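This is a predicted model, so every value here is computed, not measured.
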Amino acid sequence: MTTPPLILLLSGSLRAGSSNEAVLRTAQAVAAEPPARLRTVLYDGLATLPHFNPDDDADPLPGPVAGLRAAIAGADAILVCTPEYAGTLPGSFKNLLDWTVGGTEIGDKPVGWVNAAAPGRGGGAEATLRTVLGYTGAAVVEEACVRIPVSGAMYGGDGTVADPEVRARIGEVLGVLAGWDGPDGPDHPDGSDGV
């Protein structure tokens with residue numbers, strides 16, 4: 001029996017209870033629903049990362065940076081959900097991405113994102129994310145880059161999104177990332193369509 005793919009979930013928000021975190025917690029819940037065909041881990045070290053300094057991007061790396069790179073290296077794919085701030089990525093999340101540029105862990109790693117902003121918003125964050133990921137060498141999976149507007153009214157009692165349509169769309173994104181096998185398209189070894 002093969003080990004199910006592991007998807008690293010990266011939130012670009014430091015705000016407690018943000019819609020971005022709710023989307024990623026929903027992704028965790030959806031992935032765990034039977035039949036669970038993939039694993040997820042929500043990275044929680046955003047606030048601990050030091051300010052990027054090229055002088056510190058050498059062995060031994062600062063502990064939080066080493067932890068970030070290990071989390072990326074251990075994942076089969078990455079799903080990002082980040083807010084937009086002042087027309088671009090929040091500084092703390094751009095800082096996280098800056099720490100990935102000097103490493104090789106994210107190179108060719110399939111990456112997708114969910115834009116949870118209201119319609120017409122979040123485009124600046126998406127554009128910056130795409131640019132920075134290009135510098136890291138990550139493989140942006142277009143089919144896994146989607147807009148799913150989320151509001152607090154959609155949350156269930158557990159802080160995840162209760163709306164079944166939103167949950168289904170998040171499941172589709174996870175399935176694409178879990179089965180991605182290069183630019184020729186998804187490859188699901190079990191013959192399924194994903195999650």
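In this structure, Leu49 and Val65 have side chains that are in contact, with non-hydrogen atoms separated by less than 4.5 Å. The closest side-chain heavy-atom distance from Leu9 to Arg25 is not below 4.5 Å. Side chains of Ser18 and Pro83 form no contact here, defined as non-hydrogen atoms less than 4.5 Å apart. Inter-residue side-chain proximity for Leu14 and Phe93 is flagged as unmet; no heavy-atom pair is nearer than 4.5 Å. Looking only at side-chain heavy atoms (C-beta outward), Leu133 and Trp113 come within less than 4.5 Å of each other. Inter-residue side-chain proximity for Val166 and Thr26 is flagged as unmet; no heavy-atom pair is nearer than 4.5 Å. Residues Phe52 and Lys94 form no side-chain contact, since every pair of their non-hydrogen atoms from C-beta on lies 4.5 Å or further apart.
Nearest heavy-atom pair, Trp180 versus Pro110, reported as atom, atom and distance to 0.1 Å: CE3-CB, 3.6 Å. Minimum heavy-atom separation, Arg147 to Gly120: NH1-N, 4.3 Å. Here the closest heavy-atom approach between residue Ile106 and residue Thr136 is recorded as CG2-CB, 3.4 Å. Counting all heavy atoms, side chain and backbone alike, Pro90 lies closest to Tyr85 at CA-CB, 4.2 Å. The two residues Ala138 and Val111 have their closest heavy-atom pair at CB-CG2, 3.8 Å.
Between the SG atom of Cys81 and the CG atom of Asn115 there is a distance of 7.5 Å, given to the nearest 0.5 Å. The structure places CD1 of Ile78 at 5.0 Å from CD1 of Ile72, a figure rounded to the nearest 0.5 Å. Expressed to the nearest 0.5 Å, how far CG of Leu46 lies from OG1 of Thr48 amounts to 8.0 Å. With rounding to the nearest 0.5 angstrom, the CG atom of Asn53 is 9.0 Å from the CG atom of Asp57. Taken from CZ in Arg15 to CG in Asn20, the straight-line distance is 8.0 Å, to the nearest 0.5 Å.
Side-chain N or O atoms of Arg37 include none that pairs as donor or acceptor with a backbone N or O of Gly175 at under 3.5 Å. Looking only at distances, a side-chain donor or acceptor of Trp99 sits under 3.5 Å from a matching main-chain atom of Pro50. Thr128 contributes no side-chain N or O that, together with a main-chain N or O of Ala125, makes up a donor-acceptor pair within less than 3.5 Å. The backbone N or O of Asp98 sits nowhere less than 3.5 Å from a side-chain atom of Tyr135 that would complete a donor-acceptor pair. Looking only at distances, no side-chain donor or acceptor of Asp76 sits under 3.5 Å from a matching main-chain atom of Ala178. Using modelled atom types, no side-chain atom of Arg39 and backbone atom of Ala31 make a donor-acceptor pair closer than 3.5 Å. At least one donor-acceptor pair under 3.5 Å links the side chain of Lys109 to the backbone N or O of Ala75. Looking only at distances, no side-chain donor or acceptor of Glu105 sits under 3.5 Å from a matching main-chain atom of Arg69. Using modelled atom types, one side-chain atom of Arg167 and one backbone atom of Val161 make a donor-acceptor pair closer than 3.5 Å.
Across Thr40, Ile7, Ile170, a single residue satisfies side chain to side chain contact (heavy atoms under 4.5 Å, CB included) together with Gln28, and that is Thr40. Of the candidates Val80, Leu89, Thr82, Leu97 forms a side chain to side chain contact (heavy atoms under 4.5 Å, CB included) with just one, namely Leu89. Under the side chain to side chain contact (heavy atoms under 4.5 Å, CB included) rule, Ile148 has a single partner from Val23, Val114, Asp163, which is Val114.
If you chain together hydrophobic residues whose side chains sit under 4.5 Å apart, Leu8 and Leu38 never meet in one group. No continuous path of ILVMFWY side-chain contacts below 4.5 Å connects Leu174 to Leu6, so the two sit in separate hydrophobic clusters. Two different hydrophobic clusters hold Tyr43 and Val173 under the rule that ILVMFWY side chains link at heavy-atom gaps under 4.5 Å. Under the 4.5 Å side-chain heavy-atom criterion for Ile, Leu, Val, Met, Phe, Trp and Tyr, Val146 and Met154 are members of the same hydrophobic cluster.
Taking the charged nitrogens against the carboxylate oxygens, Glu142 and Arg130 do have a contact shorter than 4.0 Å, which makes a salt bridge.
At most 12 non-hydrogen atoms from other residues, nucleotides or ligands lie less than 6.0 angstrom from CG of Asp44. In this structure, Asp56 places its CG atom where more than 12 heavy-atom neighbours from other residues, nucleotides or ligands lie under 6.0 Å away.
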Step by step, would you call Glu143 with Glu172 a side-chain contact (heavy atoms from CB on, under 4.5 Å)?
CA-CA 9 Å; Glu143 298 84 358; Glu172 290 168 4; over 6 Å; no
Go through it in stages, so that I can follow the logic: the residues are Leu68 and Leu96, the test is side-chain contact (heavy atoms from CB on, under 4.5 Å), and I'd like the CA-CA distance, side-chain angles, deciding distance and then a yes or no.
CA-CA 8 Å; Leu68 168 67; Leu96 179 152; 3.9 Å; yes
